[in-house]
Amino acid sequence: MGGTSSLLDVRNEGDILIITLNRPDKLNALNRALLKELDEQIEFAYGSDAVKGIIITGSGAKAFAAGADISEFSALQPHEAQLLSQEGQLIFEKIDKLTKPVVAAVNGFALGGGFELALACHIRIASDNAKFGLPESTLGLLPGYGGTQRLPQIIGKGRALEMMLTADHTTAQTALNWGLVNAVTTQEELLPASIAMLQKFFTKAPTSIQEILRCTHLALETSGTSFLQEAKSFGRCAGTEDFKEGVQAFMEKRKASFTGK
Ligand code: COA
């Protein structure tokens with residue numbers, strides 16, 4: 001595989017597969033079609049001896065990915081929302097489970113599902129303009145692509161809850177201080193630094209790399225029950241008036257007014 005599909009730009013740099021989310025006019029929001037293409041590329045990378053590592057990044061200077069595509073939320077019924085959550089969880093868990101290192105090169109906004117994608121990657125490197133956040137509670141939802149499970153594992157429960165319950169954006173520097181990202185670079189240096197980190201890994205024993213990734217994944221493994229609860233909770237939220245109001249408010253570019261119904 002590789003090449004430019006409609007929603008991803010994919011190229012090889014030596015042994016590295018660089019996947020660029022390619023909807024810059026929508027801040028690389030993750031719609032279903034893009035997620036399907038991403039899934040296909042991950043399957044390809046899994047089976048290809050030519051790929052030793054992966055970088056995921058966003059096109060344009062503004063965003064890694066500004067979340068799941070909210071325009072696909074408007075007619076969503078609770079059971080469909082639960083399914084959507086489960087589909088996303090499966091793809092992101094495939095990434096987390098890979099025994100080839102995956103770096104998220106976060107080049108701008110990493111919000112909602114975009115942030116959850118970065119959380120599913122093994123390493124995060126951010127450019128100095130990057131902003132991280134989970135705005136789902138502003139939409140009457142919760143992070144439904146594994147974020148409620150992975151974020152507390154990475155930065156601890158208190159900070160994770162603060163991010164989820166305030167929906168505030170976190171700067172690259174704070175993300176570095178919290179151990180959410182491994183390094184912060186200039187925008188120009190982001191890809192070279194990500195490539196350099198992978199190339200350093202590749203100088204080590206390939207079997208060691210594989211087995212270290214396998215074991216650390218197990219150490220932080222989230223049970224199927226927790227993922228299922230996250231998807232069910234996503235579905236429950238999607239059945240509320242507040243969800244309709246949250247999505248409507250985003251589309252109308254205004255602040256949501258919640259009633260608790
Ligand atoms: N889903 C769908 N479209 C999105 C999107 C998303 N998650 N995030 C951004 N876009 C679209 C905007 O609707 C806009 O489209 P338009 O030009 O057709 O109106 C375009 O991307 C540019 O975004 P805009 O909001 O105009 O840029 P901004 O610089 O003013 O604001 C953000 C940037 C990231 C703060 C803002 O886009 C935002 O809050 N996005 C949603 C984040 C979110 O809630 N994500 C969680 C989803 S679960």
Side-chain angles (χ1 to χ4, degrees), residues 1 7-8 10 17 19 21 28-48 51-58 64-65 67-69 72 79-106 110-124 132 134 136 141-155 157 160 163-164 180-182 198 209-235 237-238:
M1 287 191 61
L7 302 166
L8 299 178
V10 185
L17 190 72
I19 302 175
L21 312 171
N28 304 318
L30 309 172
N31 61 12
R32 282 175 189 261
L34 187 150
L35 285 176
K36 184 169 177 290
E37 288 182 20
L38 181 62
D39 188 35
E40 286 163 4
Q41 291 295 341
I42 298 301
E43 288 284 346
F44 162 73
Y46 171 77
S48 167
V51 177
K52 285 200 207 155
I54 301 172
I55 294 173
I56 302 179
T57 192
F64 174 74
D69 190 321
E72 291 185 343
H79 68 282
E80 294 168 329
Q82 180 176 333
L83 272 179
L84 181 76
S85 165
Q86 285 173 304
E87 282 164 18
Q89 286 176 348
L90 265 179
I91 300 170
F92 288 8
E93 181 62 2
K94 243 183 233 180
I95 295 172
D96 201 348
K97 232 176 157 168
L98 269 187
T99 52
K100 301 178 183 191
V102 187
V103 175
V106 181
L111 303 177
F115 184 29
E116 292 173 285
L117 171 58
L119 292 172
C121 295
H122 303 136
I123 303 272
R124 285 157 292 283
F132 298 85
L134 291 168
E136 284 85 352
L141 283 172
L142 81 164
Y145 290 166
T148 63
Q149 305 303 300
R150 292 196 177 92
L151 188 59
Q153 291 172 348
I154 296 170
I155 62 172
K157 189 172 169 182
M163 286 192 83
M164 287 187 265
L180 184 52
V181 301
N182 294 59
L198 283 175
I209 295 174
Q210 277 175 22
E211 296 308 319
I212 287 168
L213 284 167
R214 195 188 316 280
C215 293
T216 48
H217 178 262
L218 281 178
L220 296 178
E221 195 176 37
T222 300
S223 77
T225 319
S226 319
F227 275 138
L228 182 60
Q229 182 57 56
E230 181 184 82
K232 282 182 176 170
S233 298
F234 193 82
C237 289

Q. When rounded to the nearest 0.5 angstrom, what is the spacing between NZ in Lys100 and OG in Ser48?
A. 5.5 Å
Q. Quick one: ring-ring contact (aromatic ring centres under 6.0 Å, His included) partners of Phe92, sequence neighbours excluded?
A. Tyr145
(Q) Just verifying a value: how many Å separate Ile209 CD1 and Leu198 CG, rounded to the nearest 0.5 Å? (A) 9.0 Å
(Q) My understanding is that only one of Leu213, Val103, Thr216 makes a side chain to side chain contact (heavy atoms under 4.5 Å, CB included) with His122; could you say which? (A) Leu213
(Q) Ignoring hydrogens, what is the shortest heavy-atom contact between Ala65 and Leu30? Give both atom names and the distance. (A) CB-CD2, 4.1 Å
Q) Are Glu230 and Arg150 within salt-bridge range, i.e. N to O under 4.0 Å? A) no
Q. Out of curiosity, Glu43 CD to Ile91 CD1, how far, rounded to the nearest 0.5 Å?
A. 9.5 Å
Q: Please name the pair of heavy atoms, one in Ala81 and one in Gly235, separated by the smallest distance, quoted to 0.1 Å.
A: CB-CA, 4.0 Å
**Q.** Lys94, NZ: over 12 other non-hydrogen atoms inside 6.0 angstrom
**A.** yes
Q: Measure the CG-CD distance between Leu119 and Gln149 for me, rounded to the nearest 0.5 Å.
A: 11.5 Å
**Q.** SB check Glu87 Arg32 (cutoff 4.0 Å)
**A.** yes
(Q) My understanding is that only residues two or more places apart in sequence, or in another chain, count here; which of them pass salt bridge (charged side-chain N to carboxylate O under 4.0 Å, His left out) with Glu72? (A) none
Q. With sequence neighbours excluded, what pairs up with Phe64 under the ring-ring contact (aromatic ring centres under 6.0 Å, His included) test?
A. none
Q: Calculate, to the nearest 0.5 Å, the distance between atoms CG and CG belonging to Leu34 and Asp69 respectively.
A: 9.5 Å
Q. Roughly how far, to the nearest 0.5 Å, is the SG atom of Cys121 from the CD1 atom of Ile56?
A. 4.0 Å
